[in-house]
Every structure is written in structure tokens, then in C-alpha cells.
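I have placed the structure first, in the form of C-alpha cells, so that the comments after it can refer back to it.
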2 protein chains.
Amino acid sequence: MGIPEYIRISDDLKSQIMSQVLNPGDPVQSENQLREHYGVSRMTVRKALTRLVNEEYIHAVAGKGYFVCEPGLEKCELIYDETFSLSGSPDSIDLIDLDVIKPTQMVGIKLEIPKEQPVIMIRRVFKEGGEAIACDVKYIPYHRGIPLLEKELKNSTFPEMVARKNSIFAITKKLRIFAAGAEEDTARLLNAEEGTPLLAVEEFLYDNHDKPVGWGITYMLGERNNLYAEASFK
Amino acid sequence: MGIPEYIRISDDLKSQIMSQVLNPGDPVQSENQLREHYGVSRMTVRKALTRLVNEEYIHAVAGKGYFVCEPGLEKCELIYDETFSLSGSPDSIDLIDLDVIKPTQMVGIKLEIPKEQPVIMIRRVFKEGGEAIACDVKYIPYHRGIPLLEKELKNSTFPEMVARKNSIFAITKKLRIFAAGAEEDTARLLNAEEGTPLLAVEEFLYDNHDKPVGWGITYMLGERNNLYAEASFK
DNA sequence: TAGTGGTCTAGACCACTGT
DNA sequence: CAGTGGTCTAGACCACTAG
């Protein structure tokens, strides 16, 4: 038999949950009962149960037992990457602005920095077939000695821009997604009318001490660009 | 010491990855090397490594070893629930339409059903402080014997509406997020002008055989409603 | 062939929960 | 108290990889 015991056991329990033999809140048989029932060692039972815990079908309470989770189908996995979440990858990315500036009040607040601290501002336009389909603006606190490499910045995702002295593993990302009408300058960049519906993604990056290390917004032409997400059960 | 060995070991390796002692693609010490290095049993080492595999810091290749992952910071966790992703929970939900109808061509295609198969249509408006902030429409294939309970449907999330004979664990959800200008009927429901930017979430539900069991769209007034997501490293 | 990860066993001790 | 899950040990055999 190619299929490991612990997979068979956890699949068995999973199907009991799927078919409502076991319902949210119900206790699962104890490790000892399962060990006897399937005739395997305790570690094998634990491996099966650990798998279900990781996939959030059940949860363990020390001293009491395992219980079926209240399902949270509201949790989804969203793949977001400003250069490739666009409808088809963009043919070209134009770097229209790259500067070290004093932060505006808004930028200072978002990055939690004093107003003397210079920041790098990057503005890009994403095009497909010659037409602008999205634009973005990013702000990164500037520290002396960090080179500004146009070519690198142009095609990087925001985390890649920031992750220079720290590993990209150390960076946390938070997104706010909303819809907005194009304002004057954005409309001009996207060659659209003012008020055109845009999908906007505000992006915050933090280092491993929760200090902001990047802030920006990407605007995508509404009807041409989509984000996709799916519920993360397996 | 309250902290388990396997946590100490995996945290140790994690910090080596964070501080770029280990970089994406690099091999991690083998289980045997780690066992000797930390003076623990192989199972303890494996538990530490399994933890890092689950959190996608490293991955295992049978017969070769463990390697540091190429980080995928584009993966985010999005919490979406049409009744509560709105800015502050809505005070009231109005059920403005509940009917069993023949599917339009669009609905038939989305639900992959023949045009004789009746569907339930549900339309709601979400209000806050008396003002409409969002509206939705859902379609569910109708099967005889399923009661239509107005009160239940009104305050349910889409998966809850569908999960009657199947466990909610058996349902898969896929989302498409985009921006759109309000069309005539939507604008009227939301008491807004035509063309007002809306955040739209198209929702597909599938059963455990990947058969569509629900389709719908929620429109939210753009500037007042946000979706939040964050990168899922721990 | 030696080394790797993948699976599995049969014990052990602990802290915590219920009665 | 007996039962639960949480941690840990010291073995074992397997399939796979590489020199």
C-alpha cells in the first residue's frame, strides 16, 4: 500500500466531518481510542491529527481532547503582486519619477517618521499593448549609502525594493483594497477621465520589529484588472 | 525551561534565515547533523523542521535534504465575509428580492446548469445608519424540498446559504475582486449616481466534486468600504 | 554504497482537565 | 484519581539520491 497510515486515518476523519457525522464543536475520539481503533502507534495517530489541526478541521485542547472547528470560510488566500496581478503581465513598466524628497505630512504619518527624514519616492506606470492599465507610487525611508538603481527598482515588487539589508522573510505586508474614482493626476497618467472607477491597493510593509519600511498605493483600471482569492481548505 | 526544544531549534534556524546566514535555495543542515548539534533525538529535530516546512521557510526533498524556500510574499490572507467586511457591521440588512426563477443565460453559464433548472435568486441591501452601503445578488440552484426561510437567508453569508445538505467544510469558495462604476439599478439601490466607483466581489461556490453550487456579486460603495489582507508569514 | 528524508513503533514523563 | 494532549527518546525499515 503506497498510502501512509496517517493519511488514511486523517482522510477518514476528514470525510466524517465533510459528511456531517462529526459537526462543529463535536469532540473527536481521543488519541488512545483512535490508536486502538486503527491498530497503530500513538505517534501515527498524532501525525494524522496534527495534519487536521494544521488544515483547521479540528483543534486540540490540552487535557480535554480534540474538537471539530467552527469553520471559517471567510479566510481566503489572495495572491497579490503589483507587477503581475494585472490582467496579463504588463508589456512595459515606465519609471516616471524617482526622487529623494522630504515626506509630505501624509507620508510622514504612514511611515511613522519625522519630517526631516528623507524618503525615496517611486512612481511607475504599467502598460499593456501601449495602453496604461495601472500606476503606482511607493515611499521608502531613505538611508545614506543605499544606491538607487533605476533598472532594479523598475521591475521589482515592493517587498523586493525594501528587502536589501534585511531578508525578504523578515518583512510583513498588509494590504487595504478599495475602489476609488480617478483623481486628476492619476487620470492623466492612465489616460482616463476623472472619476473613472479604479481598483486601489494600499500596501504597508513592516520590518521584523513592526517598524514601517514602505508605504504605497497601486491604482488599476477597474474593469480590466482583477484580484483573485480562494478559500484555503485542502 | 518552559520552551520546548523543537521550538528553540526552529526559532534558531528561522533567525538564521531572517539574518541572511541562510539564503533562499541554500541547503539546511541535515536531520542527523542537527540531531548531533543540538543533542536531541531525530524526532525532535523533525518536529522543528516540520514546523518550518508548514510555515514555508524551508521545504524538504526526499533523498537530498532541506532547502530554504524562495519567499513568496505575494501570498496573503484575506478575510472576506459579505456581511462583515463592510466598514463597521451593517445595522440592517434588507431582503429586497427572494424568488425561484429560470436562470438567465449568464447565470446558467456561471452555475453550469441547463436553462430548465430553476435557481433561487436573493438580493439584499446592507445599510448603516439608514444609508445603503452595499448590495448583493446571489444565485443558488434550486432543488425541491429545500425550504426558503426568509429570516435565515437574510443574515447568512453565502456559504451558509448553500451549506444545508453538505457540511460547510465541503464547500470551496473563489473570489474575483474588481472595481466598477455603478449601473442604473445598482445605483438606485445604493442611492448613488450612475458611475459611482464600487468595489465588486464576485463569489463562486463549489461542492466537493467541484460542481458550482452558488454564484453572486457584492457591490460596495468604494470609498467607504475596504478589504484587508496580510502576508501570512509567522 | 552511504547519506537523505518519510514512515512507524513502543515506550516515557509532564501539565492539565474532569470527577 | 484516571484520562487527556504535549514533549521526547532510541530504536527500525523504506525509497530515493548521489558519487
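Sequence lines set the chain letters: A, B, ... in the order given, protein chains first and strands last, and positions in each chain run from 1.
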Nearest-Å distance for atom pair CD/P, residues Glu36(A) and dA10(C): 13 Å

Need the pair for dG6(C). Rule: Watson-Crick or G-U wobble, both distances under 3.5 Å, any strand; none if unpaired. dC13(D)

Is Lys64(A) close enough to dG3(D) that one of its side-chain N or O atoms is under 4.0 Å from OP1 or OP2 there? no

Length of the CZ-P vector between Arg35(B) and dA12(D), whole Å: 13 Å

Is there side-chain contact between Arg51(A) and Ile7(A), with at least one heavy-atom pair below 4.5 Å? yes

Among dG18(C), dA10(D), dG6(C), the one nearest any side-chain atom of Met43(B) is dA10(D)

Looking only at non-hydrogen atoms, find the nearest pair between Tyr38(A) and Asp12(A) and report the distance. OH-OD2, 2.6 Å

Among dG6(D), dA10(D), dG6(C), the one nearest any side-chain atom of Arg46(A) is dG6(D)

Is there a side-chain contact between Leu98(A) and Ile120(A), using heavy atoms and a 4.5 Å cut-off? yes

Rounded to whole angstrom units, what separation is found between the CZ atom of Arg42(A) and the P atom of dT7(D)? 10 Å

Could you state the CD1-P distance from Ile3(B) to dG6(D), rounded to the nearest angstrom? 18 Å

Rounded to whole angstroms, how far apart are CD on Glu31(A) and P on dG5(D)? 5 Å

Whole-Å distance between dG11(C) C1' and Asn32(A) CG? 13 Å

Sorted by chain and number, sequence neighbours left out, ring-ring contact (aromatic ring centres under 6.0 Å, His included) with Tyr139(A) holds for Trp215(A)

Among the candidates dC8(C), dC8(D), dG5(D), find the nucleotide nearest to the side-chain atoms of Ser41(B). dC8(D)

Distance below 4.0 Å between Tyr6(B) side-chain N/O and dT7(D) OP1 or OP2: yes

Mind calculating the distance between CZ (Phe67(A)) and P (dT4(D)) to the nearest angstrom? 11 Å

Just compare dC8(D), dT9(C), dG6(D) and give me whichever is closest to any side-chain atom of Thr44(A). dT9(C)

Between Gly63(A) and Gln33(B), which has a closest nucleotide on DNA chain C that is more 5'? Gln33(B)

Would you call Lys138(A)-Glu203(A) a salt bridge at under 4.0 Å N-O? yes

What's the NZ-C1' distance between Lys47(A) and dT9(C), to the nearest Å? 13 Å

Proximity to the side chain of Tyr66(B) - top-ranked nucleotide from dT4(C), dC8(D), dG6(C): dG6(C)

